[in-house]
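By convention in this document, chain letters (A, B, ...) are assigned in the order of the sequence lines, proteins followed by strands, and residues within each chain are numbered from 1. Given the structure is predicted, the values throughout are model-derived calculations rather than measurements.
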Amino acid sequence: MYEANGEKYFVLDSHSHFWDASPENWVEGEEQYAKGWIECFHAYQGLGPPETHWSIEHFMKYSADDYEQDVFVDGHVDMAIFQSTYLKQWYRNGFNAIEQNAELLERFPGRIILNGRFDAREGEPGLRQLREDHARYGIQGVKLYTAEWLGSSRGWKLDDREAIPFFELCQELGIKNIHVHKGPTIWPLDKDGFDVSDVDHVATSFPELNFIVEHVGLPRIEDFCFMATQEPNVYAGLSVVVGGLMHARPRFFAKVMGELLFWVGEDKMLFGSDYGIWEPKWQVEGLVAWDYPDETFSDYPRWTTEAKKKVLGLNAARLYGVAVPAEFQVTDTSAPGDRTDAQLVESA
Amino acid sequence: MTVGQPQVLEALGQVRDPELDEPITALGFVASCAVSAQGEVDVRLRLPTPQCAPNFAFLMAADAQAAIAALPGTAGVRVTLVDHYTGQEINRALAGGGRFCDAFPGETAGPDLEALRELFQRKALLARQGRLARFLLADGLSAAEAVALSVSELQDGDPEAARCLALRRALGLPADPAAPALISGDGARLDAADLPTWLRRARLVGLSLESNGAICRGLLAVRHGVPDPTQEVQAA
């Protein structure tokens, strides 16, 4: 919970991690990738305020105590969604596999929502595993990382034929929140790995599922925005946008927020800190205090108290069926920002 | 007369990041550039992260190699991509004059990356034309006047306009003096009534390219201390 100027905010951090990237977990022969991956993440942390930077050693592996302090005690976070990222090609026990995440689930009952994952290339065994994960952990969501390498394959697309049974199973089991993280590679390698048109296809084919595109489709925010305007079940995950831009690039951040509020709208944007890349404290406080820097931004929708409440927690709570006490609800139900220009996309 | 470092750097300045439409030299991607007395050129490219997309990485490295090889007085050229997770595959293909499909046999649908290049040239053209149009409108032109403008009426030497025309030529779109100064994706003149919509779209695409460039520069600054001229806040 965060309180400022008499307003109370329920904070549901939709993108949080508990990873182990320490050298003990590196796969023999793949050390350079395991090391390179975490060093790249660590560099991203450098885009946050200096007082929030960690040493690389601490960054590679933090404890459950650190998590509690940074997220729940200092970070104003009421509940956090754990996204599982396996990367077992590089990390022996996975980068943050569901079993690791489940440890924290026991320690912080009622405060963590555990998401699973699947990889369409795993076929029958993958479908079985998804059923098991659902039975054991009651998962309501999955995180998909399409650029993960598997054997000789360097990625996959959501509209690949082998992905369809997975979405059908999600629909059957009620795993209704599909978090999508695009990466630099897919098959074939000569196509744009970050392309989000596959999300567009499956969002249309599976209208009962919600598709939360993490990092607002960065670096393809424009394709993401045009698509989200068309698809009612496509949402924007704000991780990286806040952590990577709000401090380091305040003017870019203002433009990105303005465009997201215009194209996607305040009802479909979800705060995510991407902890441990960035601590939630400065992000939550910064978002609540934030406004456009000057009048050159006057043609973007306003960042109202209502919008802040929705984006910081109420939107994610709706998707995950979390009951939020009345004191955190929005009082003013006036219409969100101007979206009448949604038809802009059709004239492309 | 053998080639010198200034000519090599100038040639590298013509090579653009296909995703950002900015010169690789301005982005800080050229880690080193050595030219021997005999005209042997050795260039090392370093991208913001080892996980940068292999296809764009290959395009930049191959374009750099071709740009240097075309310089008179070049005895030999070696372009190496350093600190990249597919560096081995890419460098091996580059050294043998191979295409992208040779770097990643069986992992591509087509032989080269021209379709990918074109997709991003189109984005860059829309973003740049949007900036050009906003400049014209700020200068006092009405929407109708802006869309009626022809190429010959654009300000001489405006780098934004010059880049738009270069992109139009590369894409096979009209760029002659009588052609419209602002065109749609199929080369047609824009309708004044559609201009606000078109400007909104162009602004978003432009923002995307700028944000990505900013993130690239920010990461290079944090990881390798490469100065970032566009930075808003002092990097720690």
| query | Is there a side-chain contact (heavy atoms from CB on, under 4.5 Å) between B/Leu116 and A/Asp192 once you walk through the steps? | reply | CA-CA 7 Å; B/Leu116 186 73; A/Asp192 178 21; 3.7 Å; yes
Residue part contacting chain B, namely of [X], when any heavy atom lies under 4.5 Å:
| X | result |
| --- | --- |
| A/Asp223 | side chain |
| A/Val240 | neither |
| A/Leu218 | side chain |

Ignoring hydrogens, what is the shortest heavy-atom contact between [X] and [Y]? Give both atom names and the distance.
| X | Y | answer |
| --- | --- | --- |
| A/Arg220 | B/Asn212 | NH1-ND2, 4.1 Å |
| B/Ser211 | A/Phe252 | N-CE2, 3.8 Å |
| B/Ile215 | A/Leu245 | CG1-CD2, 4.3 Å |
| A/Pro184 | B/Pro54 | O-CD, 4.1 Å |
| A/Ser152 | B/Glu107 | O-OE1, 3.6 Å |

Segment of [X] engaging chain A (4.5 angstrom heavy-atom cut-off):
| X | value |
| --- | --- |
| B/Thr49 | side chain |
| B/Leu113 | side chain |
| B/Asp83 | neither |
| B/Cys52 | backbone |
| B/Leu59 | neither |
| B/Ser184 | neither |

What distance do [X] atom [atom1] and [Y] atom [atom2] have between them, rounded to the nearest 0.5 Å?
| X | Y | atom1 | atom2 | result |
| --- | --- | --- | --- | --- |
| A/Thr185 | B/Gln51 | OG1 | CD | 9.5 Å |
| A/Arg251 | B/Glu210 | CZ | CD | 11.0 Å |
| B/Leu204 | A/Glu259 | CG | CD | 4.5 Å |
| B/Arg200 | A/Asp299 | CZ | CG | 5.0 Å |

| task | Using salt bridge (Lys or Arg N to Asp or Glu O under 4.0 Å) as the criterion, point out the one residue from B/Arg201, B/Arg122, B/Lys123, B/Arg203 that pairs with A/Glu222. | result | B/Lys123
| remark: In terms of heavy-atom pairs under 4.5 Å with chain B, the winner among A/Lys191, A/Arg154, A/His42 is A/Arg154
| note | By residue number, those in residues 26-40 of chain A with heavy atoms under 4.5 Å from heavy atoms of chain B are A/Tyr33, A/Gly36, A/Trp37, A/Cys40
Is it the case that atom [atom1] in [X] sees more than 12 heavy atoms from other parts of the structure closer than 6.0 Å?
| X | atom1 | value |
| --- | --- | --- |
| B/Glu145 | CD | yes |
| B/Gln88 | CD | no |
| B/Arg78 | CZ | no |
| A/Lys157 | NZ | yes |

| remark: Applied to residues 94-117 of chain B, the ring pair (Phe, Tyr, Trp, His ring centres under 6.0 Å) test, sequence neighbours excluded, yields B/Phe58-B/Phe100, B/Phe100-B/Phe104
